[in-house]
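First comes the structure, then the notes that go with it.
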Amino acid sequence: MARVVDRHRAGDLAGADAAVGDGLGFRPALRGARPVGGRIAAELGGFRRAADLLDGFAGLPDAPPEILRATAVAHFALGRLSTAMTLCRRVLATQPADLAPRLQLAKCVQAAGAPDEAVAQLRAVLVCAPTAADALLTYGALLARHDRAQDRRVLDWWCAACPLEETAWSLSARHPDRPERGPAHLIRSLILMAGDARSAQAQIHVASMIHNRADVATLYRRMVIRFPDDAEAWHIASRYADGTGDLERSIATAQRASLLLPGVLHYDLQVARACRRAKRNDTAKTLFARITRLAATSRSVSGRTGAQARLQLARIAEEEGAYDAAFEHATVGNRLARLQEPLAATWIDGRMAAVREAAASIPALRGPLRDRPQDSTDPDSVAPVFLIGFPRSGTTLLEQVLDGHPDIATIEEQPTLAPALQIAHREFGSVHGFVERAEPADVARAATLYLAARASFLPKGAPDLVVDKMPLSTVLVPLILRIFPRARFLFALRHPCDVCLSCFFSDFVLNANMAPFTDFTDTAAFYDRVMRLWQQCA
């Protein structure tokens, strides 16, 4: 424990974490090791481990506030919003002036679809700390989705009272009724910035809210001028240029990042990716092969980078007609990606179970639900539109086509159904339980929360016809139909061979939804179950 304290005071979090592990290995009941280790794990971003270590102590009636705060952070990061909110409220019950749990509570209730309470909590924070950057950014994210005249005046006051506070200017620019003032405010906020490239990236992300590509590109150029020796700034600029199709600029800026910090594999990976997109396959293959060779001998997080390089090699081999080699690269790459995440197998079992649960709930939907008289004030009479199907089945292309119509607004892969899912799991134990046992008041509450969440992702003045695109919401069709009996669905269908191969070859961020695609047999089985579920629903 003395070594833990020494390492932590020296700022060596990884060393302190390792010392905690050593202590618990010798003596699992070592006094103080678990709460200290949990707080260190939370600081390092190991939220699942932090929750495991801290939960037992946070459950005690006299748990210290610092334990409750760290446990709340871990559960929020893991998506366990109700637990995080309970912990934050416990801290505030005894320490109402503690700003950290109040800000965390604001983030929780915002994510849970309660923007009014989030605004109230954030204002309480900003009364005490008017220039708190994290609170301002969270507040701005809310204001960007809601038309609140009183909040616009607050932003103007911050800009006047804090002329050197870049966050205030950037949030003023982000507000939906400020598109003409946005660029000037954002450029000023970037000029005022005294942080690093990651802070700059966050501000430029704010700029993207104004949907003006020229202004955003200008900000990226200013970022690398401001941080010419920061490899991360050049790397971020390269990724932006790649996304806009400016491949020559993407290659040049990626190479600059790689030269500034040689040996950083994800910088080299960006160079190789840009070369592949520019059809410089020989250069790309050489770089990808080097990355996979180095990553195979590395014990760091570069294992994920090696997996990404393998999947890129699979794409090149596919384009060149070397199909056996392509499949081999994809198999190895996905196997490496799966090894980086110990929960992958659990996630796959969970996704398969979710499909079985959805299928089991279909019989409960039979009945005269669709025969009710329509009433515009009744959530059950609302007929929202959902664009569903399966990943890589063409949903993104269809969403973009529909979004080009002046009378249609689209939402691309946002957690609009999350509040309804929380009700189902928290109050009924499962989606199946909700579909079978929900009372009209429960259904109306879930419908109201969905519509509020959906509205939060729409710009001011959006058309009334909204298409909510989320491919794997196919698994939630029984839940949707229980809440909205008159819901309408656009179902994207593509040949299963194309879909399954594309999922298997894609370099998805590994999470619970994408885990089945790390194995080709699991990919096919998941596809089969989801399609059978849709046939039953139809």
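Proximity of a side-chain donor or acceptor of R494 to a complementary backbone N or O of R392 within less than 3.5 Å is detected. Put simply, the side chain of D349 never gets that close to the backbone of T346: no donor and acceptor are under 3.5 Å apart. Here the side chain of S502 pairs no donor or acceptor atom with the backbone of V499 at under 3.5 angstrom. Remark: the backbone N or O of N334 is not paired with any side-chain donor or acceptor of R310 at under 3.5 angstrom. One N or O on the side chain of T474 and one on the backbone of G389 form a donor-acceptor pair closer than 3.5 Å. The backbone N or O of A444 sits less than 3.5 Å from a side-chain atom of T448, completing a donor-acceptor pair. Not one N or O on the side chain of R102 forms a donor-acceptor pair closer than 3.5 Å with the backbone of A124.
Side-chain contact between I408 and V385: absent, with no pair of heavy atoms (C-beta onward) separated by less than 4.5 Å. Counting heavy atoms from C-beta on, the side chains of M470 and L476 never come closer than 4.5 Å. The shortest side-chain heavy-atom distance between V466 and I411 falls under the 4.5 Å cut-off. Counting heavy atoms from C-beta on, the side chains of T410 and K469 never come closer than 4.5 Å. In this structure the side chain of I348 never reaches within 4.5 angstrom of the side chain of F526, judged on heavy atoms. Contact annotation: the side chain of Q400 approaches that of T396 to within less than 4.5 Å [non-hydrogen atoms, C-beta and beyond]. Here the side chains of V475 and I388 are not in contact, with every heavy-atom distance at 4.5 Å or above. At a threshold of 4.5 Å between non-hydrogen side-chain atoms, the residues C537 and P478 count as touching.
The two residues C108 and A84 come nearest to each other via the heavy atoms SG-CB, 3.6 Å. Closest approach of A254 to S238, counting heavy atoms only: CB-OG, 3.2 Å. The two residues L481 and A487 make their nearest non-hydrogen contact at CD2-CB, 4.5 Å. Scanning both residues, A284 and A272, for their nearest heavy atoms gives CB-O, 3.6 Å. Counting all heavy atoms, side chain and backbone alike, C88 lies closest to A72 at SG-CB, 3.8 Å. The shortest non-hydrogen separation linking A453 to P419 is CB-CG, 4.1 Å.
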ask   = So K107 and Q121, side-chain contact (heavy atoms from CB on, under 4.5 Å) or not? Walk me through it.
value = CA-CA 9 Å; K107 293 179 179 180; Q121 297 292 349; over 6 Å; no

key: Step-by-step side-chain contact (heavy atoms from CB on, under 4.5 Å) determination, V224 to T253   = CA-CA 9 Å; V224 293; T253 48; 5.6 Å; no

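With sequence neighbours excluded, no residue forms a ring pair (Phe, Tyr, Trp, His ring centres under 6.0 Å) with H75. With sequence neighbours excluded, the residues satisfying ring pair (Phe, Tyr, Trp, His ring centres under 6.0 Å) with F517 are F390, F508. Residues forming a salt bridge (Lys or Arg N to Asp or Glu O under 4.0 Å) with R89 (at least two apart in sequence, or on another chain): E117. Applying the salt bridge (Lys or Arg N to Asp or Glu O under 4.0 Å) test to E248 and every residue at least two apart in sequence or in another chain returns R280. Residues satisfying the salt bridge (Lys or Arg N to Asp or Glu O under 4.0 Å) test with R315, not counting sequence neighbours, are E318. Applying the side-chain contact (heavy atoms from CB on, under 4.5 Å) test to D507 and every residue at least two apart in sequence or in another chain returns R273, R304, Q308, L311. Evaluation of the side-chain contact (heavy atoms from CB on, under 4.5 Å) rule for A462 yields A409, L458, P459 as partners, not counting sequence neighbours. Evaluation of the ring pair (Phe, Tyr, Trp, His ring centres under 6.0 Å) rule for F491 yields W534 as partners, not counting sequence neighbours. For F327, the ring pair (Phe, Tyr, Trp, His ring centres under 6.0 Å) partners are F504, F520, not counting sequence neighbours. With sequence neighbours left out, the side-chain contact (heavy atoms from CB on, under 4.5 Å) criterion links A74 to F47, A50, A51.
A salt bridge does not link R454 to D468: none of the charged side-chain nitrogens sits closer than 4.0 Å to a carboxylate oxygen.
Taken to the nearest 0.5 Å, the NE2 atom of H405 stands 9.0 Å off from the CG atom of L465. We find the CD1-CG distance between I251 and D246 to be 10.0 Å, quoted to the nearest 0.5 Å. The CD1 atom of I480 lies 11.0 Å from the CG atom of L365; values are rounded to the nearest 0.5 Å. The distance from the CG atom of L105 to the CE atom of M85 is 7.5 Å, given to the nearest 0.5 Å. Atoms CG and OG, on L451 and S456 in that order, are 11.0 Å from each other to the nearest 0.5 Å. Remark: R529 CZ to L533 CG distance equals 11.5 Å, nearest 0.5 Å.
Residue pairs meeting the salt bridge (Lys or Arg N to Asp or Glu O under 4.0 Å) criterion with at least one member in residues 396-411, sequence neighbours excluded, do not occur. Listed by first and then second residue, the side-chain hydrogen bond (donor to acceptor under 3.5 Å, both in side chains) pairs that reach into residues 423-432 are E427-R445, H432-E436, sequence neighbours excluded.
Using bins of under 30°, 30° to 60° and over 60° for the plane-to-plane angle, the ring pair Y450/F386 lands in the tilted bin.
W347 pairs with exactly one of M352, M514, E341, R338 by the side-chain contact (heavy atoms from CB on, under 4.5 Å) rule, that one being E341.
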